[in-house]
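Below you'll find the structure, written out as structure tokens, and then a few comments.
For the single chain, residues carry numbers from 1 onward in sequence order. Keep in mind that this is a model prediction, so the values were computed, not measured.
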Amino acid sequence: MSKIKVKQEKSAIKRPENQKRTLEALGLRKIGQVVEHDATPSILGMISKVKHLVSTEEA
């Protein structure tokens, strides 16, 4: 399975609760933090829900 790096670019302040929980589930807590995940359908779906708050790149 390929890997994907996810970096939080924008704040979760004043965002809906489901988007805050999605960022937390991805392991993101601070702006600028980078986490690496397997590119599974569930992870890609979570990223698509918060794509306006994060940036991604292949690892």
Heavy-atom check, side chain of [X] versus side chain of [Y], under 4.5 Å:
X   : Y   : result
H52 : Q19 : yes
I47 : T22 : no
D38 : S2  : no

With clusters defined by side-chain heavy atoms of hydrophobic residues (ILVMFWY) lying less than 4.5 Å apart, directly or transitively, does [Y] cluster with [X]?
X   : Y   : result
L44 : V6  : yes
V35 : V54 : yes
V34 : I4  : no

Handout entry: Gap separating the NZ atom of K3 from the CD1 atom of I43, nearest 0.5 angstrom
Key = 10.5 Å
Exercise for the section: Please round to the nearest 0.5 Å and tell me the distance separating atom NZ of K7 and atom OG1 of T56. Expected result: 12.0 Å
Handout entry: The single option from Q8, E9, K5, K10 passing side-chain contact (heavy atoms from CB on, under 4.5 Å) against S55
Key = E9
Handout entry: Under the salt bridge (Lys or Arg N to Asp or Glu O under 4.0 Å) test, residues paired with K49 that sit two or more places apart
Key = none
Practice task
Taking only Lys NZ, Arg NE, NH1 and NH2, and the carboxylate oxygens of Asp or Glu, determine whether K20 and E24 approach each other closer than 4.0 Å.
Solution key: no
